[in-house]
Number of protein chains: 2
Amino acid sequence: MVLRAVQGLRVFFTLLCEVIFGQKARRDKMSQNDSYFLSWRLAVEANNVRPWRTVPLHYSHHLEVYMLGGQYQLDVQLIGEQISVYVSEITPLPGDGMDAWVLDVDDTCISNVNFYKERRFGCDPFDSTGFKAWIKEGACPAIPAVLALFKKLIDRGFKVVLLTGRDEERFGKITIDNLHNQGFIGYERLIMRTSAQKGVSAVSYKSNIRKQLEGEGYRIWGNVGDQWSDLQGDSCGKRTFKLPNPMYCIA
Amino acid sequence: MVLRAVQGLRVFFTLLCEVIFGQKARRDKMSQNDSYFLSWRLAVEANNVRPWRTVPLHYSHHLEVYMLGGQYQLDVQLIGEQISVYVSEITPLPGDGMDAWVLDVDDTCISNVNFYKERRFGCDPFDSTGFKAWIKEGACPAIPAVLALFKKLIDRGFKVVLLTGRDEERFGKITIDNLHNQGFIGYERLIMRTSAQKGVSAVSYKSNIRKQLEGEGYRIWGNVGDQWSDLQGDSCGKRTFKLPNPMYCIA
């Protein structure tokens, strides 16, 4: 009986070791992939990878974990806190109503993650028809940290200009409604692409608008976007803030 | 005897559970800190946190793991690969000897990690005296991925300009020697701060030099640095590449 008990324990410990070390081997492999994904994501966010069309297919699971598992939200939140610190340091405003901030719309104010969730978070090629239908739903949820920032900016007396590459003619009303139903109320202007601006690169289009704003006398204190093309070119603003977006790249 | 064996097994399993779940609790806590550190590092590399003087103290261990554990090296390597892809796409060169790249020196070509290792990877305030003594040793090792890039650029016929904020009078000779002993041989020019440029901000100093280079007829195809102040301002180059450096920030 003692012999049988010893044999039983041996089998038990062998199985236990396999579970523990098997897990470790799997963890090591996952951790190596994680490391490559981290490098890729960092390079994307620091504008070292461009232009890129789709996310490398082997990162689709990593993207899912990043976008839905909490890290993306934490990343946005920390940037929101950094912006808050900067906003608090701007004192006092001249009070002439010309102190402005420029905020991008898609994946800055409101989120398209639910759309990209169905397209392997950017691993699938861009689905232009599907994206238009998605916008038409007017159901993009607010990005909480940016909504909080938006409200803070308005409370502090800044004029908030929302600047988007969305087509005005086709998506004007639904965008206004979507922003409104998500709490983006009280902005100075929503500027969208007119038919005359079709085909102009994002950097040129947004630079021109910002230059016009400065021409009107606005002082652009901050400029927030999820794409580098929101933040580069002319009249970028005194500070720019890049929100994370590893799902797509608008050159 | 059977009763004692059962009791023994109960104690054993209780201890085993404590080990397993205790480890899990510790892992969860560590993983939460890891997440915050990831957010902070991403925000730094995307130029959302600035200016910053020291690394938050509670990240000193994370910094150590990042800088020495392989992730930093992987991050630099991936950016090196991105640059290589871009370099391969530049064809053909006009052959007039005016196609240039600008590379920063400290923590771009050669590494100061060994210096910062003794200063909690940037958690300690900047030790100016110590840093001067460190430079005087001329013992900064090459960053392998950048040395490989440097050689590739020279092989491809580019003129490589090394542009550094180091003081020419004090560190001219030792910098030339250090670069030489690490294999940085064949560059076009090493440009250092002269006494006239003391006190000028990094962005202005480097912008002025790049403008002068363009004035001489150079076409700056790429500009590589570990600081955003290497990559912003005027005449930045057709592409800029930001290498990671979470240890310090030069505004």
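In this text, all values refer to a predicted model and were calculated from it rather than measured experimentally. The chains referred to below are lettered A, B, ... by the order of the sequence lines, with proteins before strands, and numbering in each begins at 1.
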| said: Nearest 0.5 Å, please: how far is OH in A:Y36 from CG in B:L74? | reply: 5.5 Å
| note | Most contact-rich option vs chain A, by heavy-atom pairs under 4.5 angstrom, among B:T240, B:N47, B:I83, is B:T240
| Would you say the side-chain atoms of A:R50 pair up with the backbone N or O of B:R239, donor to acceptor, closer than 3.5 Å? | no
| request: Let me know if A:E45 has heavy atoms under 4.5 Å from chain B in its side chain, its backbone, both or neither. | output: both
| remark: Rounded to the nearest 0.5 angstrom, the CD-OG distance for B:Q73 and A:S39 is 10.0 Å
| query | Between A:Q71, A:Q82, A:Q77, which shows the greatest number of heavy-atom pairs under 4.5 Å with chain B? | reply | A:Q71
| task | Name the member of A:V85, A:L38, A:L243 that forms the most heavy-atom pairs with chain B at distances under 4.5 Å. | result | A:L38
| field | Separation between NZ of A:K242 and CG of B:N48, rounded to the nearest 0.5 Å | value | 8.5 Å
| task | Identify the two heavy atoms, one from B:Y66 and one from A:L42, that lie closest to each other, and give their separation to 0.1 Å. | result | OH-CD2, 4.3 Å
| query | Does B:H58 NE2 have over 12 foreign heavy atoms under 6.0 Å away? | reply | yes
